[in-house]
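Residue numbering restarts at 1 for every chain, and letters A, B, ... go by the order of the sequence lines. Note: hydrogens, waters and symmetry copies are ignored here, and every other heavy atom, side chains too, is used. Predicted model, so just to flag it, every value in this text is computed and none were measured.
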Amino acid sequence: MAEIAIGIDLGTSNSCVAAVESDAPRVLPNAYGEGVTASVVAFGDDGRITVGNAARANVIHAPKTTVYSAKRLIGRYFFSEEVKKARAICSYDIVEGPNHGVRIRIRENDYSLPEISAMILRELKGIAEAQLGQAITKAVVTVPAYFNDNQRQATRDACRIAGLDALRILNEPTAAALAYGFGRELHQKVAVYDLGGGTFDISVLEIGKDVFEVLSTCGDTFLGGDDFDDRLIDLLADEFAAQHGVNPREDPFALEKLKVAAESAKKGLSVDDEVEIRIPDVALDSEGKGLSIGRTLGIGEYATLVNDLIQRTFKVCDEAMQQAGVVNRDLAGVILVGGPTRLPLIRHAVRDYFQLEPRTDVNPDEVVAMGAALHAASLLAPEQKAYLLDVTPLSLKIGVAGGLAETVIERNTPVPIDQTRTFTTFQDFQESVRIRVYQGESRHAAENELLGEFVFGGLARARRGETRIEVTFEINSDGIVHVTARDPATDQKASTQIKLSSGLSEEEIEQIIARGHAERVETALPGTDPSVRPGEAAAAFAARFGGPEDTPAADPPTAPESIGSLAGIGDEVEDVATLDEVAIAGSSEGEAVAAPDASLASLETGEIEVLPDELPDLEEILPLAPHEDPLSASHEPSASGRFEIELDPGDSAPIALDDRELFSAAGGDLGAEPESGEATPADPARKG
Amino acid sequence: MGTLAPAELRALARMLDDLDYYELLEAPRGASGAAIRDAYHAASRRFHPDACRHLDPEVRASIERIAKRVTEAYSVLRDPRRRRLYDERIASGCAERRLQLVESAAVATQRSREEREGRTPQGRRFFAQAVSDLARGETASAIRNLQMALTFEPGNPVFEERLVALRARR
Ligand SMILES: Nc1ncnc2c1ncn2[C@@H]1O[C@H](COP(=O)(O)OP(=O)(O)OP(=O)(O)O)[C@@H](O)[C@H]1O
Ligand SMILES: [Mg+2]
């Protein structure tokens, strides 16, 4: 039997699995005959774990032990706004884990998000195996286009834990466009409007026969149907509190009831103009009598409740269209994806915005999984039938002096790509440098997502400014970031896949997998278990720790002291902190470019550690303009040996985000750049 | 894998740094934006990382290198400002065949601002005056100031364009 790779749409609310059989993609129904399976995991009292719609029904009875919308939390830091918000509205316990990660506490056990997602993935894998009658080990798994590297890596980890080799992490709108245009030899531009349970994505694509080129993608990872429900929950809760003096939000059972009612009212409004909301026994009055909610809700009232959310999607659309350099009339189609797009309210708004009737021949719940399945099949086939050219949704940045972040790769740059920048040491005899990598659009480092930090040590002994360090930033086709540093003088190289700072360590993943093997019986299939070291994971592993092709001939002598070991760099942080200032070297043309793959000794990886409270002191990197040399002219180190950077708001060239004119089709955040003379936002010479 | 044999792919990966973006994409120097896009699509069909899963790791690494460079070439050539900068560099005999994207973006921004506001202090001053004249509706004075700006910066395209527009308005 020929091997089949499946396509999985791992959604916030619902997941869907599909496969290509005899050239056509088919959604694989679960045991209940349903095409979509709720992304809900219920932990029963008897230790049994249930996934899917049965688990979802459990929410009302066991809100503390039923986990839903886990995708909202995956790859996030505990201190992030998103997690704060989720803690306020979720009925299960969200607690802080190691490295500022997030864990879900079920009774006395803490589960990481990749583990929860893996339970859903395993269920989907099981559905596929039952339907296809063969063991499945390979999948293309989709993520919102706007997912950052942390979220993508965590999703990859989930696949590994589930025993799935993720052939590719594919963006959901790209998958939808593939399902729409596959094999049709189209030549047109389309927009994919994907409003799901928890995320909104918009992508603009150009389809050229078998090539699907994403021109731009924009999104909001915290905007979806759930937010619509929250609006209605708030309304109902406020009305109830006003009437009875009891806040139903304080009781998890009551809150779940409101949630279920709000969602079904919303769904009702996708068919009717008015719905009845009836919720019995929301709370008990002083005599122990049940208090209920009963009211009608019309489409007009609902529209006012959610209108600003809908408008928020169009703000994002504006951005995407502008980044793609297209206007409405360039588009030949608008593809709707996601449950909420069934609401006539949204369909009409989309039609008005794009001046185009959206396609209705695409099933908004299944199209992403179908596209993923098509791509999965294509990846196993000897001849590619479609070529996906995607972009990176977020700018990749490096932390520089003054708490700023400088762009290395702008958002909406096509991937895969690599870019090399040269830095120099900032102190005499500096032994190591620390590089912080961010994703986001703010020029303030702290407002971006920290992907991790990277310590490169063992530098040759030299005066400040003499050492050069070439740092290569790479984003692969999965949107995953990889950073390599190289010291051309010693030819030493350290490479790290920027590993989710709050995420699971290699050891933790292996432990979870091992534990899973001990516990699990139902889906283990003999001889096909890829979780030991699937191809992709092995490649990532090799990249991270020095694969077979670049195993060091001998351990570089200085590595262990100067670079954090995998066990954690806690102790070494202090040492590095005083030594790690680097500046971008004033490289004239030609100088900055390294052959990134010269075969070099591999250093041990720098473990990535998040120290949110200590950020400012550790990351001082100063961009240096070669022509004006602001360094010698005006930036004398202060007594502490660090630069104070002043912002000059009047000369804000590096912040292109507010300056629409500076955008081009390939535009984005035109970050400070050492070679241009605009590099130093604080260059006092430019003031006035 | 497309049309190239593994040995050719390896050779191409090795000589990447000697190829300019046009050579890599197999597009003529004067290619239109649409032609650049078509060349990018064609190159992507040949060198897409997805299409080389079955090949041995070394060949795969070569393809991945080429694919990244193809993407970079496209990112530069599809953007008129970056492309102009790149063309100038190549024409000036610069040996470096790569243009770092952020670098080119920043240079282009700097340059477009210079063109907009002037490269010289006097040019900037008169241009700024012309702008404020216009805000007050004093077209004649705006024209005079633009002419002054142009005497300091002959050929500044933004100044010229504004001047032509203003004269047409009168
Ligand atoms: N008929 C309907 N009318 C309105 N909303 C609906 C309808 N059906 C489902 N929804 C809503 O759609 C949302 C789930 O959409 P969907 O299943 O597309 O999201 P998802 O794929 O799980 O999430 P994401 O893509 O954000 O990860 C929920 O908020 C659900 O209430
Ligand atoms: Mg979805």
Side-chain angles (χ1 to χ4, degrees), chain A residues 167-168 206 208-211 213 375 378-380 382-384 387-389 406-410 413-421 474 476-477 535 539 547-549 589-593 595-597 653-654 656 659 661-662 664-679, chain B residues 1-2 13-14 16-17 33-34 37-38 40-42 44-54 57-58 60-62 64-65 67-72 74-83 89 92 94-113 116:
Chain A
L167 299 177
R168 185 88 127 72
E206 172 145 25
K209 206 175 134 211
D210 52 353
V211 175
E213 180 192 350
H375 195 53
S378 171
L379 287 174
L380 289 195
E383 273 294 315
Q384 283 286 112
Y387 300 87
L388 305 185
L389 305 174
E406 195 187 294
T407 301
V408 179
I409 299 176
E410 288 165 2
T413 298
V415 295
I417 197 157
D418 61 13
Q419 294 280 285
T420 301
R421 306 291 299 270
E474 178 188 345
N476 70 15
S477 303
E549 66 276 14
E589 299 153 1
E591 227 188 320
V593 183
D597 65 344
D659 187 351
E661 227 182 308
L662 296 183
S664 67
D669 184 1
L670 306 180
E673 169 55 35
E675 281 84 356
S676 71
E678 297 216 346
Chain B
M1 172 70 237
R14 265 198 308 273
L16 268 187
D17 287 339
R37 181 203 56 218
D38 291 346
Y40 168 59
H41 287 189
S44 298
R45 289 188 184 97
R46 261 175 293 148
F47 306 118
H48 201 295
D50 280 350
C52 64
R53 304 187 56 81
H54 350 267
E58 198 222 323
R60 225 160 51 203
S62 295
E64 273 157 19
R65 273 199 70 196
K68 285 185 284 185
R69 195 62 64 86
V70 164
T71 313
E72 182 180 292
Y74 177 59
S75 301
V76 169
L77 298 187
R78 75 169 174 179
D79 176 345
R81 291 182 309 174
R82 284 181 180 154
R83 184 173 176 182
R89 282 226 180 146
S92 73
C94 172
E96 175 55 50
R97 261 46 192 137
R98 290 183 76 179
L99 185 66
Q100 296 294 308
L101 296 173
V102 176
E103 172 192 358
S104 53
V107 171
T109 304
Q110 166 84 4
R111 190 188 291 193
S112 80
R113 182 203 305 186
R116 206 164 62 228

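Of the charged side-chain nitrogens involved, at least one lies within less than 4.0 Å of a carboxylate oxygen, so that B:R82 and A:E410 count as a salt-bridged pair. Looking at B:R69 and A:D418, no side-chain N of the basic residue comes within less than 4.0 Å of a carboxylate O on the acidic one, giving no salt bridge.
Under the 4.5 Å side-chain criterion, counting only non-hydrogen atoms from C-beta, A:E213 is in contact with B:H41.
Residue B:A95 does not touch chain A at all, counting heavy-atom pairs closer than 4.5 Å. For B:R37, the part sitting under 4.5 Å from any heavy atom of chain A is the side chain, from C-beta outward, and nothing else.
Contacts with chain B were tallied for A:V408, A:L389, A:L388; A:L389 has the most, counting heavy-atom pairs under 4.5 Å. Contact count versus chain B (heavy atoms, under 4.5 Å) is highest, among A:V415, A:L380, A:I409, for A:V415.
A donor-acceptor contact under 3.5 angstrom links the side chains of A:Q419 and B:E72, judged on distance only.
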